Structures are given as structure tokens and as C-alpha cells.
> 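One structure follows; several queries about it will come next.
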Amino acid sequence: MLLQLPPSLHYPITVTSLLKRPGDTVERGDYLFWYVYKTTVIEGDGLGNDVQVEREFPIKFESSVDGEVVAWKIAKGDVIDKPVNVLEIDEPCAHEVQFGGMCAECGKDMTAATYNTEVMDSIRAPIQMIHDNTSLTVSQREATRVEEDAKRRLLASRRLSLVVDLDQTIIHATVDPTVGEWKEDQENPNHEAVKDVRAFQLTEDGPGMRGCWYYIKLRPGLESFLENISELYELHIYTMGTRAYAQNIANIIDPERKLFGDRILSRDESGSLTVKNLQRLFPVDTKMVVIIDDRGDVWQWNPNLIKVSPYDFFVGIGDINSSFLPKKEDMAPGKGAGPKPKREKPSPDASEHRANGSTQAKDSEVSTLEQLVTMGGGDNPMMLQEQATQQEETIMHQVEDRPLLQKQKELDAEDDASNESQAGAESESSISSMEDSQESRHRHHLLEDHDTELFQLQDRLERVHQNFFEEYDRRRNKAVGGRVSALRGDRILRDRDVDLRVLPDVKTILPQIKLKVFGGLVIVFSGVLPINADLQNAEITKWAKTFGAVISSRIGSRTTHLVAGRNRTAKVREATRYPKVKIVTLQWLYDCLGQWKRLDEEPYLVPVHPEDRGDPILGSSPGSKIDSSWLSSSEDDGMAFTDDEDMPKSSEYAASIGYDADEQAAVHDELREFLGSDNESESDADASEAESVAGVESKKRKRDDADGDQDQDETAPLAHRIKISGTASTRPSTLKQTVGQDDDGGDNEEGDWPGGQDVEEQATAQNPDDDDDELEREMLAAFEDGEYDE
């Protein structure tokens, strides 16, 4: 090795003599050479005065390693002003493998230090290569050698490496004691679903255990999935659970240790409680590694990741080992995304949950900050203790609250109410029918299992494996002479002469497959994410982007799909103006992402309400170029409408203030009359129907019937102008913008004002303040004359 000067010396230094010759043996602490340095010091001049003088100080430089001197890199008289290599020493041991601070080969203490030690010897082996032991570390060179050997072994057997998450990826776990009771009770409606649930008990494994039982449900098809995939991949477990928890799961899914062996990495050894790092398992090269996990955020959406739909067998339990992870987004995937109860009642605090959308966003931000802090030091004792306490509370709450039992009781109560209602309708039912009703009381069960994710996941993994080795074979054939050589029979045998120089990269192979699914699509969400959510950083957005989609916040000419979480939102109405936009349910997106192909949109189309096709008041049709700024639901336009807030319509507004169906129809007629009638030729009936607009003319006609035609010429202009002024002042600003344009978006020509108004009326309505003073005087005079008295 090359021995380097530390940066802490008083530079510049001058070498005065070399104390060792090539071939000499040195030990740590032996003197290697003399050097001097100059510095300014304060001394007395003998007269009681302090003066600054420059002095030289000779120093011996000590060796920090053991070995044999090979060659000097410096000479006597050299002036050195910065750290440089001074001596090459042949060490008997490079200390590239260390265990617990000691060299695994020579047994030397790697933590020993002297006064001139700048870097500990333990830094020579900083890489953890073993899954289950952080004490064993190796050097970069040793890690490279080990990984290259592993890659050659995998290539020879035509396999890749697969990192497998546990919770909600291949299993689902809970500590709710209700599951154990249901397993023993054959009369319970959930017995059939939980009879194959496995169980184990942890007694001395840290937070939350204390003798509680863990109930494990294997994802359907897991056994055959692991057996088939193990022929193509070498399997590794990476979990946020503890080591004891992971070992017990491995005992269930791989009792003979044929699939995973000892390749199990838990949160106890990962170095972080909030993120997973692929370099922890493969510190040098990840070209042959694939990840499967139900969460992409903990991997920071690593390109080697295949995101799996979460397995939610135990309804409402979630991941019991994720209490310290960033919270998942509250986003319902729709039908088929996971097992759901047949008749589960909505949560009583669902409205409160929606109302606290902004609070959830803040919680997410805090979790992200904690994640960054933890990445800086995953072994922080205070952080570990805090997270352990939080995990313990989560588990204890589940044990004590029994959420599954509470949900089943809700279903039972619903069944009781249904049975009582049916009994009331059939007052003369027989005793046998009552017994049948009693037996049917427990028919509705909470737990179901129709998950098929692993069957689809196996196809995806086989596809990645096939593409990888096809590319590898193509590169190898090209390296030995190309196509002509291959046709001559010079093709390299599969299992021999592996070549790491032409190795493809999974982080290139995997995106090439996925980007073809949504390439060229521009997707807008409506009613999918909580209000104020960060659209571009949302998990569903990042997931869709890995498949080539462009996610936009606004609907435009480039938009291809509107993914609607629910119907009758502002963006759904706006999307009807673009015939090429496919308005689909959220389930379409999930099914495409799950199956890795763009599915036909027809079965997923959102049934658009007839009133939502264009504006029901103005009568515009989809595709008409009206000013739609009032329909926009993006945050940029500052409107009150959001993805989760319906745009108000006239019928909805009428219903909200207590109008029945007939009165709502009257409101529609009045609005149409207001926009489309001839203002100068209204009949008395029309005037009475639109009294709020033409009340002045109605009162004038009553007065004319009693007093004749006197003052008619004087008051008619006043009533007409009041009517126009009221129209201009009460018309919504959005309607002013809309009716002031023609279908092409331009201004109307002269005399083409909606409703049949002439040019003079148009000018008055557009500029209602021009004659305000004169109108005010006329109205005051009219009131003084008693014209508007009842």
C-alpha cells in the first residue's frame, strides 16, 4: 500500500533524513523519517519584552501500518507543502475482511489509533456483504470480487437476483386475536377464509411483541409462484420487519431453506427505518437485480422496481410493520383491487377524513423529513427508540381494539336490521322461516380472498428474464464475430464462458418494457387525489410515469384520458368538449398498470350524465369553443372548484335551496326566458313568471289599467332601463363572459346579442354605469310619485 502524509501536519515540511531502506521491516509506531517545519513563536528578549521569532522544529514521522518497505516516494531535502504519498509498503495483510472491528485474517485491532492517526483502519472494509450480520465488512475490492463471482454463477445458471418484500407483497399479517378465534369457530362466517392462516408467537423480540400472536395469510398462489420463479431468480428477502419476524415468515414460506436460504435482510440490519437501499445487498453492481414490493416510495422509485398491488386480506389492517413509514395516499383503487367485504358499511369518520386532506398532506411532509434525517443516520439510538415505541403502540392498539371483530359486528348489525325489516313485512311468517332467518344472520362475512396478483407477477418476471438474456446473448454473439459467426456454428454455449463485459442492465431492460404501455398518453386526474395533494409527486403519478404516461393538471387538446375517481366533477364536464378524450374509471389505470398493457377503455368508460355533456343552461354541445375558464378545476386559476368538488349547476343549486322538481323546471324556464326572449315584447304572463326581472313593467301595466294611458310615454323608458340595468347587474360574471362570445370564441357582431336585444340594448347592458345618474334621478322621482307602492 502507499502511505500518505496526513493533512494535519504543519506544512510546508522539509525532509531531513530517511530512517528506513527498501527491504526493511516496519511495524506500527516505527520511525520512518525526520522532517522539520518552521513556525512563528513568541519569546522574551531578556529585557521583559515579547518578540515574535521564527523557529525550526524537528519531528519524526511514525508508521501507521505494518509491513516491508518497498520504495520511497520522497528524498532527503524535499520540501512538501501538501499531503502526498511518501512510502510504498508491502503489508502482510490488507485487512479487507473485518469482523467486529478486528481483521478476520490476521486478528489485528482495526480500531487502534495513535496521535497521528487520521483515518481508522476500519475504513478499509466499509461494505456490509452479509444479509444478517452488520459486523462483517469487506473492502471495495473484495466486494467487487465477491459480486463478480456471484454474477458469473448466476449467468452460468441463467438466473437473475430477485429482492422480495414480505408484508402486503407476498403475505398479509395481523395481530388481531379475533383471527385465532375465527380459526377455531367453524360456525363463524369467516372460518372458511382464515382456516389456512398460519400463526406464530414472538416473546423476546423488541417492540410490541410481549407474547402476542402473529397471524399470517399467504397470498394466493404463493407456493407455486416461489417454486417457479426460483428457477429464474435467486431470491432475497428485504423487509421492514424485525429479524425474528422475518425468520418466522421464512420458516412458513420456505421451511427447508431451499428458496431463500439465509438471504434475509430485516430492518435490524438495513441501516434505515424509512427507506430501502439496493446497495445494502448489492453494493457494487445492480445490473442483474429485480425488486418486487407493494410500495415504490420506500425504494424512491428505483428503476429496478416492479410495483405490486398491495395484498389487503385482513380488511383495514394494512402493513403492521410500516408505522414509521410515510403514510400511503388515501386513494380508492375501485373494484378488483383487493378483497373487500360484501356489505361493509362506510366508516363513520369518512367525512372527517376527507375534510382533513390538508392535514394528511402535512403529515406526509413530516414523514418525508423524518426519512431524510434517518437516511443520514439509520442507527440513531433516539430515532430507533422513538420508532420502536410507535411500533409498539400500533401493535398494542390492534390487539386491544380488535378492528376485525368490530367490522364484523357492523355487518351483523346490518343483517339484524335487514332481518327485522323483512320480518315486519311478513307478519305471519312460520316458525321454520324464522329459524331460517336466524341461520342466515351470519351469512355476510368480512374476509374474502380473490387475489390473482402473483399469477400476473410471474408473467412479468418471466418477461423481464427473457428480455435480459436475449439481449445478453445478442451482445455475446456480436462480440465473437456477429451474425456470420453465429450462422457458422460459433455461437457461445449458454453455460460456459460468461462475459461480464457485455452484461445488460435491468434498469434499462425493465423501463424499455414498461414505457411501451402508456407511451404517448397524456392523463388528467379528477376526484382521485386529495385536495392540495402534490400531483407530480403522488404515488399514482410516479407509478404511471414509469409506464410512459405524461400526467397533466389541466385538460387540453393533447389530453388522451381523464381518469375520474367519481362522476359529475368539473373536469368530467370539461372533458366532454373534447371528443378524443377517454373518460375512464380509476380501475382502468390500475388494471393497465397491473397487467402491463393498455386495456380497451370501453368497459371502463364513465357514464356521463346527459346534463354534463356541454353546458345545460347555454345549450352548448361537446366540442363547442366557449370560454371554459369557469369550468377549470386546476389550482392555477384560483377557482373554488377542485377535483373533489362538483361544479354547481342550476338544478343542483335549486335543490340546495329547497326547490322541488316542478320549481326546478320553472327555474330552468325562467333562465331560458331570460337569455332567449324578446325584451320589448314580453307578455303579461311572461312578466309575472319573471317578476324579479320585469316587475317594473308589471306594476306599470296595473297603474295603466286604473288611470288610463297618462304618463305612459314618460314611464315606459324608465321601466325598460330598470329592466336592462337589473339584467346587467344580476347576471353572473361567468355568463357575461360566455354569452358575450360566439361559438368560435370571438365577439358577437353588432345586433347579434343573445336574447334578441338590439344594438342599443347591447350597449346599455355592456355599459350599465353610463347613465347611472340619470337613471337614479328617474327612479327617485318614480318612488316619490308612489309608482312602486303596493
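Note that the coordinates shown come from a computational prediction; the quantities given were computed from them, not determined experimentally.
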> Restricting to non-hydrogen atoms, name the atom on Leu593 and the atom on Ala544 that form the minimum distance, rounded to 0.1 Å.
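Minimum heavy-atom separation between Leu593 and Ala544: CD2-CA, 4.1 Å.
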> Determine the interplanar angle of the Phe469 and Tyr472 rings, folded into 0 to 90°, and report it as parallel if under 30°, tilted if 30 to 60°, perpendicular if over 60°.
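Answer is perpendicular, since the angle exceeds 60°.
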> Roughly how far apart are Trp301 CH2 and Lys307 NZ, rounded to 0.5 Å?
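So the gap between those two atoms works out to 5.5 Å.
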> Within a 6.0 Å radius of atom CD on Glu148, are there more than 12 heavy atoms belonging to other residues, nucleotides or ligands?
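Atom CD in Glu148 is packed in, count exceeds 12.
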> With sequence neighbours excluded, what pairs up with Asp149 under the salt bridge (Lys or Arg N to Asp or Glu O under 4.0 Å) test?
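Scan of Asp149 (salt bridge (Lys or Arg N to Asp or Glu O under 4.0 Å), adjacent residues dropped) gives Arg145, Arg152.
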> Between Glu462 and Gln458, do the side chains contain a donor N or O and an acceptor N or O under 3.5 Å apart?
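Judged by distance alone, the side chains do pair up.
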> Check each of Asn304, Ile509, Val464, Leu305 against Val290 using the side-chain contact (heavy atoms from CB on, under 4.5 Å) test, and report the only one that passes.
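That would be Val464; it is the only one of Asn304, Ile509, Val464, Leu305 passing the side-chain contact (heavy atoms from CB on, under 4.5 Å) with Val290.
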> Scan side-chain atoms only and decide if Glu269 and Ser266 contain a donor-acceptor pair under the 3.5 Å cut-off.
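A pair is found: one side chain offers a donor N or O, the other an acceptor, under 3.5 Å apart.
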> Any idea which heavy atoms bring Leu446 and Asn190 closest together, and the distance?
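Smallest interatomic distance, heavy atoms only, reads N-OD1, 2.8 Å.
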> Tell me whether the count of non-hydrogen atoms from other residues, nucleotides or ligands lying under 6.0 Å of CG in Asp262 goes above 12.
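Check fails, neighbour count at 12 or below.
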> Could you walk me through whether Leu404 and Trp182 pass the side-chain contact (heavy atoms from CB on, under 4.5 Å) test, one step at a time?
CA-CA 10 Å; Leu404 294 176; Trp182 288 350; 4.1 Å; yes
> Which pair of non-hydrogen atoms, one from Val506 and one from Pro511, has the smallest distance, and what is that distance?
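In this case the closest contact between Val506 and Pro511 is O-CD, 3.8 Å.
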> Determine the minimum heavy-atom distance between Asp505 and Phe468, stating which atoms define it.
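The answer is N-CE1, 4.3 Å.
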> Could you check whether Glu453 pairs with Arg460 (Lys NZ or Arg NE/NH1/NH2 to Asp/Glu carboxylate O, under 4.0 Å)?
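A salt bridge is present here (some side-chain N lies under 4.0 Å from a carboxylate O).
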> Nearest 0.5 Å, please: how far is CD1 in Ile229 from CG in Leu461?
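Going from CG on Leu461 over to CD1 on Ile229, the span is 4.5 Å.
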> Can you measure from CG (Leu218) to CD1 (Ile170) and round to the nearest 0.5 angstrom?
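Here the interatomic distance stands at 8.0 Å.
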> Any side-chain heavy atom of Phe314 within less than 4.5 Å of one from Leu447?
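Counting from C-beta outward, Phe314 and Leu447 do come under 4.5 Å.
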> So with a 6.0 Å cut-off around CD of Glu192, is the heavy-atom count from everything else above 12?
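Result for CD/Glu192: open.
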> Counting distance only, does the side-chain N/O of Ser230 pair as donor-acceptor with the main-chain N or O of Leu226 below 3.5 Å?
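Yes.
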> Please examine the side chains of Phe525 and Ile551, heavy atoms only from C-beta on, and report whether any two atoms are closer than 4.5 Å.
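Result yes, sub-4.5 Å side-chain heavy-atom pair found.
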> Could you check if a side-chain atom of Thr239 sits within less than 4.5 angstrom of a side-chain atom of Val164, using non-hydrogen atoms only?
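No, their side chains stay 4.5 Å or more apart.
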> Holding to side-chain hydrogen bond (donor to acceptor under 3.5 Å, both in side chains), I want the full list of residues that pass it with Thr546, two or more places apart in sequence or in another chain.
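Checked Thr546 against side-chain hydrogen bond (donor to acceptor under 3.5 Å, both in side chains); zero matches.
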> Any heavy-atom pair between the side chains of Val399 and Pro177 that's under 4.5 Å?
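In contact.
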> Say whether, by atom type as modelled, one donor and one acceptor occur between the side chain of Asp176 and the main chain of Thr178 under 3.5 angstrom.
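Such a contact is found between Asp176 side chain and Thr178 backbone.
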> If you count heavy atoms of other groups shown closer than 6.0 angstrom to CZ of Arg141, is the number above 12?
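Not more than 12 within 6.0 Å, no.
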> When you measure from the side chain of Thr242 to the backbone of Tyr245, do you find a donor-acceptor pair of N or O atoms at a distance under 3.5 Å?
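At least one qualifying donor-acceptor pair exists.
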> Whether the side chain of Ser139 engages the backbone of Glu142 through a donor-acceptor N/O pair (distance < 3.5 Å, no angle test) should be reported.
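Yes, Ser139 side chain to Glu142 backbone: donor-acceptor pair under 3.5 Å.
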> Restricting to side-chain hydrogen bond (donor to acceptor under 3.5 Å, both in side chains), what partner residues turn up for Lys276, sequence neighbours left out?
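Expected list: Asp165, Asp293.
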> Hey, are the side chains of Leu259 and Ile253 touching, using non-hydrogen atoms and a 4.5 Å cut-off?
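No. Closest side-chain heavy atoms not under 4.5 Å.
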> Got Leu265 and His236 here, is their nearest side-chain heavy-atom distance under 4.5 Å?
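They are not in side-chain contact.
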> For Asp591 and Gln595, does a side-chain donor sit closer than 3.5 Å to a side-chain acceptor?
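Checked: Asp591/Gln595 side chains show no N/O donor-acceptor pair below 3.5 Å.
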> Less than 4.5 Å apart, side chain to side chain, heavy atoms only: is that true for Asn321 and Arg267?
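A side-chain contact exists here, since the closest heavy-atom pair is under 4.5 Å.
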> Any carboxylate oxygen within less than 4.0 angstrom of a Lys/Arg side-chain nitrogen, looking at Arg295 and Asp167?
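Asp167 and Arg295: not salt-bridged.
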> How many angstroms lie between atom CG of Asn277 and atom CG of Asn302, to the nearest 0.5 angstrom?
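Those atoms lie 8.5 Å apart.
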> Mark yes or no for whether Asp254, through its side chain, and Arg257, through its backbone, hold a donor-acceptor pair below 3.5 Å.
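Yes; at least one donor-acceptor contact below 3.5 Å.
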> Run the salt bridge (Lys or Arg N to Asp or Glu O under 4.0 Å) test on Lys217 and Asp196 for me, step by step, so that the C-alpha distance in whole Å, both residues' side-chain angles and the decisive distance to 0.1 Å come before the verdict.
CA-CA 7 Å; Lys217 177 70 172 180; Asp196 62 345; 2.7 Å; yes
> Where does the angle between the aromatic ring planes of Trp596 and Phe547 fall among parallel (under 30°), tilted (30 to 60°) and perpendicular (over 60°)?
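Aromatic pair Trp596/Phe547 classed perpendicular.
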> Going through the checks in order, is the side-chain contact (heavy atoms from CB on, under 4.5 Å) test met by Arg159 and Arg153?
CA-CA 9 Å; Arg159 293 195 299 168; Arg153 174 174 52 82; 4.2 Å; yes
> Distance-only, no hydrogens or angles: does the His465 side chain make a donor-acceptor pair with backbone N or O of Arg158 under 3.5 Å?
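Judged by distance alone, yes, a pair lies under 3.5 Å.
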> Sequence neighbours excluded, which residues qualify as salt bridge (Lys or Arg N to Asp or Glu O under 4.0 Å) partners of Asp285?
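Salt bridge (Lys or Arg N to Asp or Glu O under 4.0 Å) check on Asp285 returns Lys151.
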> Can you find a pair of side-chain heavy atoms, one from Lys407 and one from Leu411, that are under 4.5 Å apart?
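Sidechains of Leu411 and Lys407: no contact.
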> Report the distance from atom CD1 of Ile216 to atom CD1 of Ile252, rounding to the nearest 0.5 Å.
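One gets 5.5 Å once the value is rounded to the nearest 0.5 Å.
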> So, does Arg219 use its side chain to make a donor-acceptor pair with the main chain of Phe313 at under 3.5 Å?
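Checked: no pair found.
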> Stepwise, does the side-chain contact (heavy atoms from CB on, under 4.5 Å) test hold for Asp185 with His191?
CA-CA 7 Å; Asp185 183 7; His191 173 76; 5.8 Å; no
> Rounded to the nearest 0.5 Å, what's the gap from CG on Leu454 to OG on Ser224? Could you check?
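It comes to 8.0 Å.
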> Would you confirm whether the ring centroid of Phe518 sits within less than 6.0 angstrom of the ring centroid of Trp588?
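Yes, close enough.
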> Please identify each residue that fulfils side-chain hydrogen bond (donor to acceptor under 3.5 Å, both in side chains) with Glu147, with sequence neighbours left out.
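Result, side-chain hydrogen bond (donor to acceptor under 3.5 Å, both in side chains) vs Glu147: none returned.
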> Indicate the atoms forming the closest heavy-atom contact of Val517 with Cys592, along with that distance.
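Between these two residues, the closest heavy atoms are CG1-O, 4.5 Å.
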> Hey, do the aromatic rings of Trp299 and Tyr238 have their centres closer than 6.0 Å?
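Centroid separation for Trp299 and Tyr238: below 6.0 Å.
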> Identify the residue among Asp451, Asp319, Asp449 that makes a side chain to side chain donor-acceptor pair (under 3.5 Å) with Tyr311.
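Of all the options given, the one that passes is Asp449.
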> List the atom of Ile127, the atom of Ala143, and the distance in Å for their closest heavy-atom pair.
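Closest approach of Ile127 to Ala143: CD1-CB, 3.8 Å.
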> Please check if any side-chain donor atom of Asn467 sits under 3.5 Å from a side-chain acceptor atom of Gln512, or the reverse.
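No donor-acceptor contact under 3.5 Å links the two side chains.
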> Under the rule for ring pair (Phe, Tyr, Trp, His ring centres under 6.0 Å), what residues qualify as partners of Phe99, not counting sequence neighbours?
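Listed in chain order: nothing, the list is empty.
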> Please step through side-chain contact (heavy atoms from CB on, under 4.5 Å) for the pair Leu278 and Ile291, ending with a clear verdict.
CA-CA 9 Å; Leu278 200 55; Ile291 309 164; 3.9 Å; yes
